[in-house]
Amino acid sequence: MTDITIIGSGNMARAIGTRAVAAGRSLQILDRTPENAAKLAAELGAETTSGGLGDIPEGDIVVLALYFGPAREVATHYGDTLSGKTVVEISNPINADTFDSLTVEPGTSAAEEIAALLPGADVVKAFNTTFAGPLTAGVTGGMPLDVFIASDSEEAGNRVASFAAAAGLRPLRVGGLRHARELEGFQLLVAALQANPAYGSFNWATGLKIID
């Protein structure tokens, strides 16, 4: 039995996979290019398995570690195969040409659009406010990295929160899936800052300081 399936083999797939291994979770990596999945699986170790999109996602949690467009394609490809699973959607649907707008219509979000394609799954928005560098380390400024979680399913949200906590991160529940709109909108601002040459390139870790 596999705990977590990650679809994708890029930087965020590597970062989330690293946290999954640190949490002691069994892991499967799937990618459109199986060779890339196999390479990442070998890098992560811990008997991580790999395959292509012709393989069935085995994890109870399935992470779409993909940009929004490919995430839609994968959701459409798997469809009812993901019914009953917790699907984590991490993308930020940002206009890559201008960095001043989202590519989804007002009143919705990437996560909600993915949820519409997967009515039998419980879609959770998480990990979209983390960059791969800090997420791989799991800490920023000596503090656990915050992971904001939006979900209409309490059970699915709890499952992702439990994974995040076991991975050394701090899960913060922000409410229903519609709050993915605010999470994606906030990350649009962060992306615009990073694209601004006045600020240069930087790793970003969004966090909250809770004062007693």
Side-chain angles (χ1 to χ4, degrees), residues 1-34 36-38 40-41 44 46-93 109-130 132 135 147-167 169 171 173 177 180 183-184:
M1 184 66 179
T2 300
D3 297 320
I4 298 173
T5 294
I6 297 176
I7 300 178
S9 61
N11 290 336
M12 284 298 290
R14 178 176 293 102
I16 295 171
T18 298
R19 301 317 320 152
V21 170
R25 303 298 175 92
S26 57
L27 189 60
Q28 176 193 38
I29 306 293
L30 300 180
D31 192 76
R32 189 182 305 276
T33 304
N36 292 341
L40 178 55
L44 293 171
E47 300 184 357
T48 301
T49 63
S50 67
L53 295 189
D55 295 300
I56 300 298
E58 297 175 356
D60 292 328
I61 296 176
V62 177
V63 181
L64 303 181
L66 302 163
Y67 292 113
F68 179 43
R72 282 188 300 190
E73 293 173 6
V74 166
T76 300
H77 169 73
Y78 279 116
D80 290 341
T81 303
L82 298 181
S83 292
K85 295 184 181 290
T86 295
V87 176
V88 181
E89 198 282 313
I90 76 166
S91 75
N92 288 295
S109 64
E112 288 168 289
E113 291 202 8
I114 295 297
L117 295 171
L118 299 172
D122 291 317
V123 174
V124 177
K125 188 74 177 187
F127 296 104
N128 79 296
T129 62
T130 60
L135 181 57
V147 176
F148 297 96
I149 297 170
S151 175
D152 288 337
S153 165
E154 183 175 0
E155 181 180 355
N158 287 341
R159 189 174 290 122
V160 175
S162 177
F163 160 51
L169 310 171
R173 302 289 295 273
L177 193 63
L183 294 177
E184 293 172 11

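In this text the structure is predicted, and so the values were computed from the model without any measurement.
- Between Pro57 and Ile7, the shortest heavy-atom distance links the atoms CG-CD1, 4.4 Å.
- Considering CD of Glu89 and CG of Leu118, their distance stands at 10.0 Å, rounded to 0.5 Å.
- If you take NE2 on His77 and CG on Leu82, they are separated by 9.0 Å, rounding to the nearest 0.5 Å.
- In this structure, Ala37 and Ser9 approach most closely via the heavy-atom pair N-CB, 4.3 Å.
- For the 3.5 Å distance criterion, the side chains of Asp122 and Thr86 fail to qualify, holding no donor opposite an acceptor.
- In this structure, CZ on Arg32 lies 8.0 Å from CG on Leu66, to the nearest 0.5 angstrom.
- Val124 places none of its side-chain heavy atoms less than 4.5 Å from the side chain of Ile61.
- Rounding to the nearest 0.5 Å gives a distance of 11.5 Å between CG of Asp31 and CG of Asp55.
- Across all their heavy atoms, Ala121 and Val87 have their closest contact at CB-CG2, 3.8 Å.
- Side-chain contact, Glu47 with Thr49: no donor N or O sits under 3.5 Å from an acceptor N or O.
- Between the side chain of Glu184 and the backbone N or O of Asn92 there is no donor-acceptor pair closer than 3.5 Å.
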### Message
The test is side-chain contact (heavy atoms from CB on, under 4.5 Å); show your working for Leu135 and Leu169 and say whether it passes.
### Response
CA-CA 9 Å; Leu135 181 57; Leu169 310 171; 3.9 Å; yes

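- The CG atom of Leu177 lies 5.5 Å from the OG atom of Ser109; values are rounded to the nearest 0.5 Å.
- By the 4.5 Å heavy-atom criterion applied to side chains, Glu113 and Leu117 are not counted as neighbours.
- Once rounded to the nearest 0.5 Å, the distance linking CD1 of Ile4 with CD1 of Ile16 reads 9.0 Å.
- Nearest heavy atoms, Ala156 versus Ser151: CB-OG, 4.1 Å.
- The heavy-atom pair separating Asn128 from Ser91 by the smallest distance is CB-O, 3.9 Å.
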### Query
Gln28 and Ile6: side-chain contact (heavy atoms from CB on, under 4.5 Å), yes or no, with the steps?
CA-CA 6 Å; Gln28 176 193 38; Ile6 297 176; over 6 Å; no

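- Within the 3.5 Å criterion, the main-chain N or O of Asp3 finds a donor-acceptor partner in the side chain of Ser26.
- Shown here for Ala150 and Leu183, the closest heavy-atom pair between the two residues is CB-CD1, 4.3 Å.
- For the pair Ser162 (side chain) and Asn158 (backbone), a donor-acceptor distance under 3.5 Å is absent.
- Contact annotation: the side chain of Val160 never approaches that of Pro171 to less than 4.5 Å [non-hydrogen atoms, C-beta and beyond].
- Between Tyr78 and Leu30, some side-chain heavy-atom pair lies under the 4.5 Å cut-off.
- When only modelled atom types and interatomic distance are considered, Thr76 and Glu73 share no side-chain donor-acceptor pair under 3.5 Å.
- Contact of the Arg14 side chain with the Leu40 side chain is registered, since non-hydrogen atoms from C-beta on lie closer than 4.5 Å.
- Pairs of residues two or more places apart, or lying in two chains, that qualify as salt bridge (charged side-chain N to carboxylate O under 4.0 Å, His left out) and include a residue from residues 153-167 are Glu155-Arg159.
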### Residue pair Leu27, Leu44: steps toward the side-chain contact (heavy atoms from CB on, under 4.5 Å) verdict
CA-CA 9 Å; Leu27 189 60; Leu44 293 171; 3.7 Å; yes

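- Contact annotation: the side chain of Leu64 never approaches that of Val88 to less than 4.5 Å [non-hydrogen atoms, C-beta and beyond].
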### Message
Between Leu53 and Val74, does the side-chain contact (heavy atoms from CB on, under 4.5 Å) criterion hold? Intermediate values first, please.
### Response
CA-CA 8 Å; Leu53 295 189; Val74 166; 4.3 Å; yes

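- Between Lys125 and Glu112 there is no salt bridge, since no side-chain N of the basic residue sits under 4.0 Å from a carboxylate O of the acidic one.
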